[in-house]
Amino acid sequence: MSFPWAEHYTPKMPLMRWLDERLPLPRLVYNAIGAGYPVPRNLNYFWNFGVLAGFALVLQIVTGIILAMHYAPAGAIAFQSVEHIMRDVNQGWLLRYAHANGASFFFIVVYIHIFRGLFYGSYKAPREMVWLLGLVIFLLMMATAFMGYVLPWGQMSFWGAKVITGLFGAIPLVGEPIQQWLLGGFAPDNAALNRFFSLHYLLPFVIAGVIILHIWALHIPGSGNPTGVDVKGPQDTVPFHPYYTAKDGFGLGIFLIAYCLVLFFAPNYLGHADNYIPANPLSTPAHIVPEWYFWPFYAILRAFTVDFILPAKLWGVIAMFASILLLFFLPWLDKSPVRSGNYRPAFKKFFWFGLIPCVLILGYCGGAPAEEPYVMISQIAAAYYFAHFLIILPLISKFETTLPLPNSISESVLHGEKQEAAPFGVDGTKPATAA
Amino acid sequence: MVRLIGFLVGLGFVGVLMISFISGAVTFATEEKVESVESRFHKPVKDVHFASDGPFGHYDRQQLQRGFQVYKEVCAACHGLGLVAFRNLQDIGYSEAEVKAIANQWQIEVPSIDPATGEASTRKAIASDNFPSPYANETAARAANNNALPPDLSLITKARHHGPAYVYSLLTGYQNPPANLPAENRPGTGLHYNPYFANLNIAMPQPITSDGQVTYADGTNATVDQMAQDVAAFLTWTAEPKLENRHRTGIAVIFFLLIATGLAYMAYRNIWAEKKYR
Amino acid sequence: MATVENSDEVVGGAPDGVRRRDFINIAAVSFAGVGAVAVVYPLVNQMNPSADVLALASTEVDVSQIQPGQAIKTIWRKQPIFIRNLTEKEIAEANAVDVGSLRDPQTLAERTLEGKQNWLITLGVCTHLGCVPLGAAEGENKGEYGGYFCPCHGSHYDTAARIRKGPAPKNLEVPEYAFTSDTVVQIG
């Protein structure tokens, strides 16, 4: 894999040479995220989010393992054990807030990462497998986050577990047995809490495994870039280390500042007040919504209000799953040979003025109460969502006249083809002085 | 083929959504909009400020002690504080001896076992105990309160939107129902009108009724407003006892991160400098 | 200070510029290192005893029911405590031992409070590997020296709970305690 001009690992210290001959782990790291991985030199800041997502996963695993040392997954004491962490465990409040807000920031980072991919055509050949594995990671993340939110066993935990497993109850014939199988009972209780805890502990390691595949698949064709033009030669790339490690270090700093501002000064802002009330199977909170990162999907679920051949509830469930599953077919729905949205004028308009507002509106409506006008707005937005991927995108890719692509990455950098496609420090308006 | 199927599936979803939309729109347009009574009479929380507000906020220990006094003399008869231990009171400025005395004299005793017979009994609280619940269980609590359950107050300011301001507004918000309140929303027996409560009628009778209801140890004039603010501040502390650590740590961390990120930016520029015009 | 600033100002000049750049890179990496180490602190410290555990650090025991020759077991910090009311004979036996010949030389007086020499209060944790020795309850094996006997690896303690035979290296530990009244002892 990788390009012929990639630098080769040459161990300097005898110890490293000894190790490399027996277990080429340093070589693997060197070729994966070290100087041995040539990366297009024109990546913009949107390319920081992959590394940030990896960092967020590590953060969640580390804080999660520690919380598990103090948490007790039993209906009668789960809530108290979380408060025990908040009050009595040394720096427990810090670790728990770090984990709870870490989940939110993980999703922020991953959403930007996904939309980066959508805009720059990162799902297109030859990177389809990278995209598909990424979607698998996203699904695993959603399952993990959902089960994690159940663990504090507050009101939102309990009713979230009840509502989400209730989705499976919409499946004809087998729905109810499946729901009971998932919960190990007729309503969420110890059985559900214990299995959710077990799976919540397991899945992050599965995610880590799929991430390795994701990065492996990425290294076959190499990273994409904002122009979408293939790498032509050594002048188009820089080694990952130190160039992108330095840039990722700076990006990590910005991420940490944003994360710590929320963690230390508004740690409950992204959560729900109701989850500080212990789970009560006899009383549902007035306004139940999932965590913010599920709001767009929740809006799609609720947008189906009419029984048309199938019951409305089943339509909602099918559409919600379809809204993610359709992304698996994206590489084959959008056949445009041009990758980057920067060179696709029609695509670009629909992306910025269609898809992005549509998802934001869905998110807003998903968090709002199930009342008019939110339901009607979310119906329009959900219709656009499906139309965008299943109807508009295939049509655009057929009829769109794309802009001329730069001959190469280095040419686009030197001539300032696109301001944002340039790496740091290149002023697009000035002609290059030296080559 | 994929695109053809996708196209049809897309049309299907869009079609069903449009049917849903039209039926919703028709209902929306034809049906009379009924504004709920709650939304007409429910009031947003009062504007009130506490020392713990903001990124530099910290607790006013004198106020917390006054608030504790209000809790002890007014609230504690019905509301538990089960997640807080007597020993935690040292954090709001009581000495170890004072905490021991408070625990020892607490009007509600801790469930225990008679050491001679093994039968259920109670004993005096000690500093390491959590505040004992005023009721043995939920059934007992409901039986004693006209089937209403007085919630545990440990987390109340985090379990309600605008927590401390909500507590303050609720405590000072009791009033006579307005004349235009529909009859079915008027408080029934055992209920009290309070526009800050979600459904306007709360089972709790007005707890803080008159100035001087509590005689403050520090001599502060115990007006109704003062007592409501103090107990709201105290309940902020019970819900978030580590707030000060959090703010202090946060400021140090942000300061560190700003410098580190600045350095990281300069290092990034350095490393890329030579690549500029290559 | 002036000289340092001078060298900073000639950044354009190659050699000084390189040095300054290296300095910034090293500083950035050092900051990252310091941050990483600072993060380790809460990750490690969270495993220390929590506040509610530390709050159980003292316990009060009523000893009025313990007759001479009897002992009770109680719990302090989730560990057994032996409280023994020694008889005159046991005190005499303990005092008759040549302290110098002991593995862990201590007199009975050093292991009890003044005026309360009959109250022998020790942790019920064998100093060898932490088993609970026998001898506190009625009818248990008190070992060859009439104190405590640890069945795990055969350590024998005498009437002052001093190690006399077997693998244990130390006498049974005496916790900090005080009599708050004639009949109530506070441990810890």
Side-chain angles (χ1 to χ4, degrees), chain A residues 41 80 83 86-87 93-94 97 235 238 242-243 246-247 249-250 252-254 256-257 260-261 263-265 267-268 273-274 276-277 286 303-306 308 312 315 319 322 326 329 332-333 335 372-373 375-376 379-380 382-383 386-387 389-391 394 414 423-426 432-435, chain B residues 2-3 6-11 13-21 23-25 27-28 54-55 82-85 88 151-152 154-156 158-161 163 198 239-242 245-247 249-251 253-254 257-258 260-262 264-265 267-273 275-278:
Chain A
R41 53 186 293 200
Q80 277 83 349
E83 281 304 313
M86 293 295 287
R87 289 157 194 272
W93 59 271
L94 173 62
Y97 278 151
Q235 72 282 2
V238 292
Y243 292 97
K247 190 170 178 178
F250 169 56
L252 183 63
I254 299 291
L256 284 174
I257 288 172
C260 287
L261 282 173
L263 162 56
F264 287 106
F265 301 110
N268 293 308
D274 287 290
Y276 282 107
I277 303 171
F304 290 81
T305 52
V306 171
F308 180 76
W315 270 115
L326 65 85
F329 297 95
W332 298 278
L333 290 170
K335 294 297 278 185
E372 299 298 357
V375 177
M376 290 193 319
Q379 282 160 346
I380 299 287
F386 288 106
F389 287 109
L390 296 174
I391 299 171
L414 294 178
F424 164 79
V426 179
T433 50
Chain B
V2 172
R3 283 192 281 176
F7 195 80
L8 294 174
V9 170
L11 281 182
F13 280 124
V14 172
V16 176
L17 279 164
M18 284 302 112
I19 294 171
S20 292
F21 173 75
S23 99
T27 323
F28 186 66
L83 296 171
V84 183
N88 296 137
D152 186 281
S154 317
L155 282 168
I156 203 77
K158 268 156 78 175
R160 298 289 182 274
H161 291 283
E240 187 77 358
K242 306 293 182 189
N245 306 31
R246 178 155 65 72
H247 285 174
T249 315
I251 286 161
V253 166
I254 295 291
L257 282 176
L258 285 173
T261 306
Y265 180 69
Y268 160 47
R269 277 180 65 131
N270 278 341
I271 287 166
W272 277 83
K275 279 282 167 192
K276 259 186 191 176
Y277 297 117
R278 209 187 76 173

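This one's a predicted model, so the numbers in the text were calculated from it and none came from an experiment. Chain naming here is simple, since letters A, B, ... match the order of the sequence lines and numbering starts at 1 in each.
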For a 4.5 angstrom cut-off between non-hydrogen side-chain atoms, does V306(A) reach W315(A)? no

Go through the atoms of [X] and report whether side chain, backbone, both or neither lie under 4.5 Å from a heavy atom of chain B.
X       : result
L326(A) : neither
F308(A) : side chain
A312(A) : neither
Y97(A)  : side chain
L94(A)  : neither
W93(A)  : side chain

Between P151(B), G250(B), A264(B), which shows the greatest number of heavy-atom pairs under 4.5 Å with chain A? G250(B)

Would you call the rings of Y268(B) and F250(A) parallel, tilted or perpendicular, where under 30° means parallel and over 60° means perpendicular? parallel

Measure up the F13(B) and F386(A) rings against each other and bin them: parallel (under 30°), tilted (30 to 60°), perpendicular (over 60°). parallel

Does any backbone or side-chain atom of [X] lie under 4.5 Å from a heavy atom of chain A? Answer side chain, backbone, both or neither.
X       : value
I251(B) : both
L83(B)  : both
A239(B) : backbone
V9(B)   : both
N245(B) : both
P241(B) : side chain
T249(B) : both
A260(B) : neither
L11(B)  : both
F21(B)  : both

Most contacts with chain B, counted as non-hydrogen pairs under 4.5 angstrom, among R87(A), M86(A), E83(A): R87(A)

Shorter than 4.5 Å, heavy atoms on both sides: which option in A322(A), P373(A), A387(A), A319(A) has the most such pairs with chain B? A319(A)

Measure from the side-chain N and O atoms of [X] to the backbone N and O of [Y], and report whether any donor-acceptor pair falls under 3.5 Å.
X       : Y       : result
Q379(A) : A303(A) : yes
S20(B)  : T305(A) : yes
R41(A)  : V238(A) : no

